[in-house]
Structure formats: structure tokens, C-alpha cells
Amino acid sequence: AATTPVTGAWNIGTGRATSVNELWHQLRALTGSCLQAQYRPAREGEIIRSCLSVRRCLENGWWQPRYSLEEGLRETLERESSHRGAEDAR
């Protein structure tokens, strides 16, 4: 239970940075895709690295991550697949 009122902005995540390359490789492995990544030069102002701090959530006992990146992606893909199947059946 939360010990502090839930107000303001709260970052939700794992507190661990994930590169676009890591995300790409995880999705590729989970979907069995044989597509190749296409790289382009960074755009002006592109954010090179970003990692949200979930310290406030953890310290207040309000929330903590329960899934790894792979687990979350797998569940998301499974739900999306079943959702698409249900829509196709209509």
C-alpha cells in the first residue's frame, strides 16, 4: 500500500535503460522475424540515452516492476495477437 499520496508525475519502468538495438533484437527473437535492421544517421536533437528513475515509486511502496523486458514484450505480443484474432472473427 502507498505510504504517500499518489500525486504529480511518477515514472513507470524498470529503472534500466534499454537501447533501440536491444529492443529490436528482443522483438525480432520473440516474433521469429528475419527482417534486418536499417540504420540511419541520428536526427538533429535526437536523444542518445534516456532512463527513467523509478526511485519515487519504490521508496513509497506504490509500485515496482514485475516483468523483465522480454516477459513484458512477450505478453504484449500475445495479447495483441489474440486481440487481432478476435477482431478477425467478427
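Being a predicted model, the structure only gives us computed values, none of them experimental. The first residue in the sequence is number 1, and the count goes up from there.
- Under a 3.5 Å cut-off, the side chain of Thr76 and the backbone N or O of Gly72 do form a donor-acceptor pair.
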Full working for side chain to side chain contact (heavy atoms under 4.5 Å, CB included) between Thr31 and Leu77: CA-CA 8 Å; Thr31 61; Leu77 290 168; 3.8 Å; yes
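- Atoms CD1 and OG, on Ile48 and Ser19 in that order, are 12.0 Å from each other to the nearest 0.5 Å.
- Nearest heavy-atom pair across Ala17 and Ser50 is CB-O, 4.1 Å.
- Here the CH2-CD distance, from Trp24 to Gln38, works out to 8.5 Å after rounding to the nearest 0.5 Å.
- At a threshold of 4.5 Å between non-hydrogen side-chain atoms, the residues Tyr39 and Val20 do not count as touching.
- Here Leu58 contributes atom CG and Trp63 contributes atom CH2; the two are 7.5 Å apart, rounded to the nearest 0.5 Å.
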For Ser81 and Arg79, what are the C-alpha separation, side-chain angles and deciding distance, and is it a side chain to side chain contact (heavy atoms under 4.5 Å, CB included)? CA-CA 5 Å; Ser81 178; Arg79 287 177 186 246; over 6 Å; no
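- Atom CG of Leu23 and atom CG of Leu73 lie 6.0 Å apart (nearest 0.5 Å).
- In the displayed structure, Glu80 atom CD is contacted under 6.0 Å by more than 12 heavy atoms of other residues, nucleotides or ligands.
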Show, in sequence, the C-alpha distance, side-chain angles and deciding distance for Arg40 and Glu46, and conclude whether the salt bridge (charged side-chain N to carboxylate O under 4.0 Å, His left out) test is met. CA-CA 12 Å; Arg40 304 281 189 266; Glu46 188 79 41; over 6 Å; no
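- Closest of all the heavy-atom pairs between Glu70 and Leu30 is O-CD1, 3.9 Å.
- The number of heavy-atom neighbours closer than 6.0 Å to CD1 of Ile12, taken from other residues, nucleotides and ligands shown, is above 12.
- Using a 4.5 Å heavy-atom cutoff, the side chains of Gln26 and Thr18 are not in contact.
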